[in-house]
Amino acid sequence: MHYENTLAFAQNLDAHDPLRAYREQFVFPQHKGQPVLYFCGNSLGLQPKTVRQALLAELDHWAEYGVEGHFRGELPWMHYHKFLTAQTARLVGALPHEVVVMNTLTVNLHLMMVSFYRPAPGRYKIIMEAGAFPSDQYAVESQVRWHGFEPGDAIVEVAPRPGEDTLRTEDILAVIEKQGKNTALVLFAGVNYYTGQFYDLGAITAAAHAAGAYAGFDLAHAAGNLPLRLHDWNADFAVWCSYKYLNSGPGGPSGAFVHERHGQNPALPRFAGWWGHDESERFLMRKGFKPMTGAGGWQLSNAQIFSFAAHKASLDIFDAAGMETLREKSLRLTGFLEFILEEANRKKHRFRLITPRDAQARGCQLSACTDAGGKALFDQLMENGVIADWREPNVIRFAPAPLYNSYEDVWRLGEALR
Ligand SMILES: *Cc1c(COP(=O)(O)O)cnc(C)c1O
């Protein structure tokens, strides 16, 4: 696409943006009386205006009914996780019974590894990307140790080639093929939090299965960023959080996907709680755990109503906009950001983009690897009303969210950088 570095060009794109009205549905932090330029939806999405009402409604529900709130009203708490199912399934490309909203992300990663990391002496390795998000690294390391293996031996990391910033799919597949017969689990991000690279999840899954291993994904930076097709890709499991692109508020709940071939297998080992028990018998309070079919059979506890209510308000917006439409805008908006960042960088080279240039191999985030003055540059942006984020040791991440960012925001970022 052809781009121009003028305000009029950006405003014209906004005028023709079919999603432009969604911006009005979000609350923007202010800087000197003006909305900030917010490029941090990859870390904490902005607040949908409908969230306040949704939370107040649950406070009223509690006030009015007390414990009866579990069974009464429009959204009885007892069933609250089910009110999120249809939208969640569409969001990640799953069948409804393959998804559930529960707990938080790292908790769910552990729960999934309880079921899908079942190491045996000859098959105990986990293949993952080098530089995975630290919480995932800690989760994997502790699981490996808990099973009596050594992380240095059991964890195989796939790293970029010397001089390269991101992974080549062929290299990922080659490692899986080479280590395959010793591998229990292949665990990748959907989109890497640091580089913004979107991995080929279908190809990784196929390679893992060909090697006799499970394939699981952490979609923290992919859910709400790109259309996903977890069922068709044939992933065994996936987990994600809802406070990044999914705008559900700090500490918001996590989602989990379990492919139906596993969801229908009650014999699959798991850690259990009453909310995962066969619903028709849950309140008989009898001995003997009998999991409900589907991802719901991994639930432990009853729903966290306030965070689920915020999540529902946000999911309603995603469902109305549609991930395919969001992606269309996102491709154009991030393409414009790429153009504007290059324009701003042309005279003085202050940074280098490390995110793949192939738009199909990234979501909306672009990561700028800075020179020695990077932190000062970042601080200066913040002082001028630009909210992006800094990741040690030297990267500034910019993520224009197609629901609420405009082309004008991107153009103004270029001005601020200059
Ligand atoms: C954001 C993020 C997390 C954070 O996990 P929480 O349990 O929600 O605190 C974990 N993993 C990845 C890949 C992330 O991007």
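Just follow the structure's listing: the first ligand is 1, and inside any ligand the first atom is 1.
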_Arg352 and Asp165 ion-paired at < 4.0 Å_ = yes

*Run the salt-bridge test on Glu415 and Arg418 with the 4.0 Å N-O cut-off and return the result as yes or no.*
yes

May I have the N/O to N/O pairs between ligand 1 and the protein that fall below 3.5 Å, each with atom names and distance to one decimal?
from	atom 1	to	atom 2	distance (Å)
ligand 1	5 (O)	Thr106	OG1	3.3
ligand 1	7 (O)	Thr106	N	2.9
ligand 1	7 (O)	Thr106	OG1	2.6
ligand 1	8 (O)	Tyr243	OH	2.5
ligand 1	11 (N)	Asp136	OD1	2.6
ligand 1	11 (N)	Asp218	OD2	3.2
ligand 1	15 (O)	His221	NE2	3.1
ligand 1	15 (O)	Lys244	NZ	2.5

*Provide the full list of ring-ring contact (aromatic ring centres under 6.0 Å, His included) pairs with a residue in residues 146-165, sequence neighbours left out, each pair given once.*
Tyr117-His147, Tyr124-Phe149

*Could you tell me which residues satisfy side chain to side chain contact (heavy atoms under 4.5 Å, CB included) with Glu338, sequence neighbours excluded, listed by chain and number?*
Glu342, Leu353, Arg357, Arg362, Leu366

*Is the shortest distance from a Lys or Arg side-chain nitrogen in Glu343 or Arg346 to a carboxylate oxygen in the other one below 4.0 Å?*
yes

_Partner set under side chain to side chain contact (heavy atoms under 4.5 Å, CB included) for Lys178, not counting sequence neighbours_ = none

